[in-house]
Every structure is written in C-alpha cells, then in structure tokens.
Amino acid sequence: MTVRTRFAPSPTGFLHIGGARTALFSWAYARKHGGSFILRIEDTDVARSTPEAVQAILDGMTWLGLSWDEGPFYQMQRMDRYKEVIQQLLDSGDAYYCYCSKEELDALREQQMQQGIKPRYDGRWRPEAGKVLPEPPAGVPPVVRFKNPQTGAVVWNDLVKGEIRISNEELDDLIIARADGTPTYNFCVVVDDWEMGITQVIRGDDHVNNTPRQINMLHALGAQIPQYAHLSMILGDDGQKLSKRHGAVSVMQYHEDGYLPEAVLNYLARLGWSHGDDEVFSMAQFCAWFDLDHITPSAAQFNTEKLNWLNAHYIKQADINVLAADIQQRLVALGVNTENGPDLSGVIALYRERSNTLNDLAASIAYFYRKPVIDTVAAEKHLTVDVLPVLAGMAAKLENTTWTTESIHDVIQATVTDNGLKFPKIAMPLRVMVTGGAQSPSIDAVMALLGRDETLSRIRESLMASGKF
RNA sequence: GUCCCCAUCGUCUAGAGGCCUAGGACACCUCCCUUUCACGGAGGCGACCGGGGUUCGAAUCCCCGUGGGGACGCCA
C-alpha cells in the first residue's frame with residue numbers, strides 16, 4: 001500500500017518547534033517510502049483559528065522546505081461531508097442526540113472528580129434496548145454523541161511506543177457534533193484520516209488518549225485503521241514544558257535569529273531519532289535513513305547550544321552567494337549600508353568560521369561598512385603611549401605599500417623586527433584601531449579587505465584621538 | 001483522583017541478553033596550532049533511578065517501588 005502521511009496543525013498560533021518536528025518526521029516518512037505527505041489545517045475551532053495563523057504555519061513549513069504533496073485541506077470546507085457522516089452514524093444507531101446542558105455536565109464532572117473516579121459522561125441520553133429515555137427538553141438544541149462500545153478494549157501497536165491497550169470502560173460517549181451542528185476535532189480527524197487514505201498517523205503523544213476513541217469510530221464506519229506513531233514532546237532548554245507563555249517560539253523566530261533551515265532541520269531530526277552515531281547529515285540522507293523504529297519514546301529537552309554548533313557548521317558549508325544575500329539583508333536591518341564597502345563575499349569568507357548565527361555574522365562584520373565604536377577597555381590595554389609613535393611611522397609606510405595581505409603583513413613584520421617587538425605588540429593596537437575591538441581574523445587580511453584609505457583613516461583618527469599627534 | 005506513557009553522562013543519544021572496562025555528539029576542562037578571539041587537532045571529566053526476580057550471564061526481559069510527563073472539554 002502506498003504510504004500516505006499527514007501533518008494536521010490547528011491554526012491557533014505559529015508553527016513551533018514541536019510541530020515542526022512532527023511535520024518533519026511525517027514528511028520524511030512519506031519521502032522515504034515514496035508516498036504522499038498531506039497538509040491538513042484543522043480549523044474547526046472557529047473561535048480560535050485565524051488566517052494569520054494559517055499563513056504562519058505555511059510560512060514555517062515553506063522556510064523549512066517541508067513540501068506537501070496534497071493540500072492544504074481545510075476542515076471548515078468539508079463541513080457538508082462531516083454532517084453527512086454524522087447523519088450516517090445517527091441512522092445506523094452508532095450516534096445519538098444528547099440534551100444535557102453544559103451546566104449539567106460540569107456538575108457531573110465535578111461530582112465524579114470528588115469521588116475520585118475518572119470524569120466521564122454517564123450515558124443518560126444513550127439509547128439502550130429496553131431503556132426509557134427522558135423527554136427531550138423543549139428549545140434545547142442537542143449535541144450528537146458517538147455510541148462508544150462499553151466492553152472490551154482497544155489495542156493498537158504504536159509504532160514508537162509499542163502495544164497500547166485501553167479498556168472501553170475508560171472511555172465515554174464523546175461529542176462529535178456541537179449544539180450548533182459543527183463537528184468536533186476527534187470526529188473530523190476520523191473522517192479525514194479515513195477518506196484521505198492516511199496509512200500512518202504520526203503525531204504528538206498528547207493524542208494517545210484520543211486514539212482509542214478514533215479507532216472505535218473508524219470501526220463504526222467500517223474504515224481501515226491506520227498505523228499510529230506517537231511522538232514524545234519536546235521540552236524547553238530548561239527542561240520545562242513548552243507552552244504559549246513559556247518557551248514556545250515560532251520556527252520563523254529561528255529564521256529571524258539567524259539560523260539556517262538546514263541546521264534547524266538537522267537538529268530536529270536528531271531530537272528523538274537517531275541513526276547510530278551520525279550527527280550531521282543532509283535532508284536527502286535523512287529521508288533515506290529515516291524510520292520509526294529508532295524514535296525514542298521519551299521526551300527530549302531542547303538544547304540551543306547544540307543547535308548553535310550545527311548552525312555554525314552549516315554556515316561554514318553554505319554557498320557564499322546565498323550567505324551574502326542573506327547577510328546583506330541583515331546588515332540593512334542593522335542600518336548598515338554595504339554599497340561603498342568591501343565585497344561582502346570576501347568579508348563573509350573571513351568571518352563565516354567564527355559565527356554561530358547569521359545575526360552574529362552580520363553584527364561582527366558591520367565595522368567594515370561603518371566606523372567602529374572603539375572598545376575602551378581594549379584601547380586602554382593596547383593603545384599604549386610607547387607603541388603609538390611606532391604605529392604612526394608604520395602608517396606612513398603603508399601609504400605606499402601594495403595593498404595585499406602579504407605586503408601588509410611584511411610591513412607589520414618589518415616594523416616589529418625593526419623595533420625589537422613581538423608581533424602582537426603591533427597587531428593588537430592595529431586591531432583595536434581598525435576593528436574597534438581586540439578580536440578579529442588576521443589583522444593583515446582585515447586591512448587588505450577594508451582598503452587602504454579606510455584603514456589609514458581609522459589609524460590616523462585613533463592616533464589623533466590619543467592626543468599625541 | 002482515574003487512565004495512559006516515560007526513565008543511559010549536565011543535554012541529545014548508541015545499545016534488540018554475552019561485542020559494554022557502557023560508544024558518539026553538544027557543553028565543560030587541558031594541551032597543540034596561533035597575530036588576538038574563534039576555527040581546527042589531540043586528550044580529559046562525565047551516565048545505565050532503586051529493589052526484587054528470570055538467566056551461566058541483564059543497561060537490555062519480567063514485577064514492584066520511586067520520580068517525571070500526558071490525558072480526562074460542545075479545544076485541537
């Protein structure tokens with residue numbers, strides 16, 4: 001049978017890291033087996049779903065490159081079909097009307113909690129052979145409940161957690177249509193997974209408890225039962241659960257923060273799944289390797305430092321032109337104009353091995369395009385009165401030097417030798433004057449890229465500011 | 001409370017009864033490289049939740065604890 005997987009987010013917020021991993025695994029499984037990956041938007045909660053959230057999810061998927069083969073399907077556009085199936089269940093006796101008010105239900109739930117038993121619907125409107133149902137109250141629009149089996153158990157072999165068995169006695173008759181006639185989540189999922197021919201349902205393990213209900217409904221509809229794979233959750237960096245108000249961030253935030261999609265993808269792939277000792281691999285490799293057998297059943301804690309390491313790796317590997325285009329935009333965002341400065345690709349080549357994120361990279365090269373703010377601590381340490389005259393002399397020599405890394409290096413070396421100094425004694429003050437700080441790539445290479453005029457202008461400005469010249 | 005799930009270095013993980021003196025990666029520490037900081041290279045520190053079984057042999061299988069998490073909506 002052809003593999004068909006789906007990602008089915010509800011558009012009540014952005015695509016966060018947990019959702020992204022679920023989508024990634026679902027996508028990879030379909031790719032691995034030459035199947036189809038379907039995107040379905042579960043927007044039946046009209047009150048909380050927004051078009052902005054739909055767009056945010058689409059944006060996140062697109063940025064990560066998780067392309068879908070079918071969809072996006074919107075459940076709100078399938079209302080007619082859901083209502084048909086509800087009617088079908090009503091007709092077959094697998095569903096029934098329930099006239100309980102929310103207040104009644106709340107009271108029941110509270111009472112059961114107090115008694116220490118699992119809160120569930122007591123079946124007061126459930127039709128039973130020989131049972132006399134109450135008279136439907138006038139003017140109360142009923143909900144529709146699914147008539148769940150009361151005996152036996154639902155058992156399935158979860159592809160990540162193994163066999164799970166839940167007794168039907170634990171389940172109650174869930175509402176499949178609200179009083180206003182709109183179908184609820186558990187029901188729509190069933191109809192869609194069935195009619196879209198989903199073969200493997202890969203989703204978060206907060207759905208484990210919904211699975212037996214869904215299987216029972218699938219049975220009532222005579223549908224084939226898909227396989228289920230329940231992924232454990234991802235915890236925040238601090239080990240705490242991710243939630244709207246704590247730690248959950250949009251995948252697009254990673255984009256903004258300067259992470260490459262390759263890095264995020266590679267990181268997510270290794271969070272809860274493994275292929276021996278392999279750590280760094282492409283998505284093509286991942287799709288070829290991916291399987292459900294090597295997914296960890298336990299929750300995983302997000303680790304930004306490891307993501308940083310991977311991101312640094314992918315920055316080193318990235319196509320320089322792609323990098324330049326991206327960095328260009330980030331510099332603009334920093335208010336830096338690159339038009340009159342050195343070639344961006346050359347500067348990036350010098351800095352790509354020293355940055356964890358694209359934002360770090362952009363920020364650290366800004367001084368090539370605008371005067372740096374001189375770090376006072378570094379200046380105090382390195383711009384000492386004894387070397388300033390030496391630097392002034394060297395600046396004059398630089399005036400007529402061929403402007404290449406090698407020639408510049410030779411001039412610095414000559415200055416060092418002539419004055420009986422150590423190389424850093426000259427390189428460090430130069431670094432502070434030219435870059436503003438005490439850390440940079442080889443100072444000769446930096447100067448070569450910066451250009452003679454700008455370099456000398458910065459050196460002279462520093463000398464003047466020292467008040468000695 | 002009831003049901004369900006989970007448990008290897010700080011973190012992500014390898015591990016399918018002997019290959020385990022428990023491997024790799026991130027982080028951390030040391031050294032090397034060096035023109036500073038990084039990068040890179042070489043080392044180091046560091047874990048099988050506890051207790052019972054089963055077995056010649058258990059990180060691995062079973063049971064019980066303990067600890068964590070999830071679910072119990074006219075949310076998804």
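Note on naming: letters A, B, ... go to the chains in the order of the sequence lines (proteins, then strands), and numbering restarts at 1 for each one.
Checked against the 6.0 Å centroid criterion, the rings of Phe25(A) and Phe290(A) qualify as a close aromatic pair.
With no hydrogens or angles considered, a side-chain donor-acceptor pair links Gln55(A) and Asp59(A) at under 3.5 Å. In this structure, a donor-acceptor pair under 3.5 Å is present between the side chains of Asn308(A) and Tyr259(A). With 3.5 Å as the limit, one finds a donor-acceptor pair spanning the side chains of Asp180(A) and Thr182(A). Side-chain contact of Arg203(A) with Thr211(A): a donor-acceptor pair under 3.5 Å is present, judged by distance alone. Of the N and O atoms on the side chains of Tyr254(A) and Asn311(A), not one donor lies less than 3.5 Å from an acceptor on the other residue. Side-chain N/O atoms of Asn359(A) and Thr357(A) include no donor and acceptor closer than 3.5 Å. In this structure, a donor-acceptor pair under 3.5 Å is absent between the side chains of Asp237(A) and Gln301(A). In this model, no donor atom of one side chain and acceptor atom of the other lie less than 3.5 Å apart for Asn216(A) and His219(A). For the residue pair Trp289(A)/Gln285(A), the side-chain donor-acceptor check at 3.5 Å is satisfied.
Straight-line distance from the CG atom of Asn356(A) to the C1' atom of A27(B): 12 Å, rounded to whole Å. Rounding to whole angstrom units, NZ of residue Lys306(A) and P of U13(B) are separated by 8 Å. Between the OH atom of Tyr121(A) and the P atom of C72(B) there is a distance of 19 Å, given to the nearest Å. Separating the NZ atom of Lys422(A) from the C1' atom of U34(B) is a distance of 14 Å, rounded to the nearest angstrom. Atom CZ in Arg120(A) sits about 14 Å away from atom C1' in A71(B), given to the nearest Å. Rounding to whole angstrom units, CG of residue Asp173(A) and P of C74(B) are separated by 13 Å. Distance Asp106(A) CG to C74(B) P: 8 Å, rounded to the nearest Å. What separates CG of Asp122(A) from C1' of C72(B) is a distance of 15 Å, to the nearest Å.
Of all nucleotides listed (C74(B), C12(B), G70(B)), G70(B) comes nearest to the side chain of Lys241(A).
One finds the CD atom of Glu454(A) at 9.5 Å from the CG atom of Leu456(A) (value rounded to the nearest 0.5 Å).
Going from the C1' atom of G68(B) to that of U21(B) covers 31 Å, rounded to whole Å. Only the P atoms considered, C29(B) is 22 Å distant from U34(B), to the nearest whole Å. U13(B) sits 15 Å from C6(B) when the P atoms are compared, rounded to a whole Å. Taking the C1' atom of each, A59(B) and C72(B) are spaced 34 Å apart, rounded to whole Å. Using P as the reference atom, C33(B) and G69(B) are 49 Å apart when rounded to the nearest Å. Here the separation of C61(B) from U8(B), taken at their P atoms, is 13 Å to the nearest Å. Taking atom C1' in both G46(B) and G24(B), the straight-line distance is 14 Å, to the nearest Å. Distance check on atom P: G43(B) versus C49(B) gives 29 Å, rounded to whole Å.
Using a 4.5 Å heavy-atom threshold, the side chains of Gln75(A) and Arg40(A) count as touching. Contact check for Trp194(A) versus Ile225(A): no side-chain heavy atoms found under the 4.5 Å cut-off. Between Thr12(A) and Asp43(A) there is no side-chain heavy-atom pair separated by less than 4.5 Å. Using a 4.5 Å heavy-atom cutoff, the side chains of Gln317(A) and Leu323(A) are not in contact.
Using a 4.0 Å cutoff on non-hydrogen atoms, the parts of residues 258-274 of chain A near RNA chain B are Arg270(A), Leu271(A), Gly272(A), Ser274(A), ordered by number. Scanning residues 39-51 of chain A for heavy-atom distances under 4.0 Å to RNA chain B yields Glu42(A), Thr44(A), Asp45(A), Arg48(A).
Taking the six-membered ring for Trp and thresholds of 30 and 60 degrees, Trp309(A) and His313(A) have ring planes inclined between 30 and 60 degrees apart. The aromatic rings of His275(A) and Trp273(A) sit parallel, their planes meeting at an angle under 30°, below the 60° perpendicular limit.
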Distances for protein N or O near nucleotides 61-67 of chain B N or O, under 3.5 Å:
none

Between the protein and nucleotides 40-48 of chain B, are there any N/O to N/O pairs under 3.5 Å, and if so, what are the atom names and distances?
residue : atom : partner   : partner atom : Å
G40(B)  : OP1  : Lys316(A) : NZ           : 3.2

Pull out every protein N or O sitting under 3.5 Å from an N or O of nucleotides 1-10 of chain B, one pair per line with the distance.
residue : atom : partner   : partner atom : Å
G1(B)   : O2'  : Gly116(A) : O            : 2.1
C3(B)   : O4'  : Glu170(A) : OE1          : 3.3
C5(B)   : O2'  : Lys161(A) : NZ           : 2.9

Taking only N/O atoms, report every protein-nucleotides 16-21 of chain B pair under 3.5 Å with atom names and distance.
none

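In this structure G1(B) sits in a base pair with C72(B), meeting the Watson-Crick or G-U test at under 3.5 Å. Pairing for G67(B) is with C6(B), a Watson-Crick or G-U wobble pair whose two hydrogen-bonding atom distances lie under 3.5 Å. Searching all strands for a Watson-Crick or G-U wobble partner of A22(B) with both distances below 3.5 Å returns nothing. Using the Watson-Crick or G-U wobble rule with both distances under 3.5 Å, G46(B) pairs with nothing in any strand shown. The partner of A16(B), taking Watson-Crick or G-U wobble pairs whose two distances both stay under 3.5 Å, does not exist in any strand shown. Across the strands present, U36(B) finds no partner; the criterion is a Watson-Crick or G-U wobble pair with both atom distances under 3.5 angstrom. Across all strands shown, C31(B) pairs with G41(B); the Watson-Crick or G-U wobble distances both stay below 3.5 Å.
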Checking Ile412(A) against Leu430(A) for the side-chain contact (heavy atoms from CB on, under 4.5 Å) test, could you report, in this order, the C-alpha distance in whole Å, the side-chain angles of both residues, the deciding distance, and whether it holds?
CA-CA 10 Å; Ile412(A) 299 173; Leu430(A) 217 40; 3.7 Å; yes
Run the numbers on Arg213(A) and Asn148(A) for side chain to side chain donor-acceptor pair (under 3.5 Å), then give the verdict.
CA-CA 8 Å; Arg213(A) 301 171 186 284; Asn148(A) 199 80; 5.8 Å; no
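The phosphate of C72(B) has neither OP1 nor OP2 within less than 4.0 Å of any side-chain N or O from Arg109(A).
Base contact: Pro441(A) has a heavy atom under 4.0 Å from a base atom. Backbone-only contact: Glu353(A) has heavy atoms under 4.0 Å from sugar-phosphate atoms and none from a base.
In terms of position on RNA chain B, the residue among Ala445(A) and Cys98(A) whose nearest nucleotide sits closer to the 5' end is Ala445(A). For Ile295(A) and Pro11(A), each mapped to the nucleotide of RNA chain B holding its nearest heavy atom, the one lying further toward the 5' end belongs to Ile295(A).
Asp80(A) has no carboxylate O lying under 4.0 Å from a charged side-chain N of Lys83(A), or vice versa, which leaves the two without a salt bridge.
When each of Tyr96(A), Trp125(A), Tyr121(A) is checked for a side-chain hydrogen bond (donor to acceptor under 3.5 Å, both in side chains) with Asp173(A), only Tyr96(A) meets the rule.
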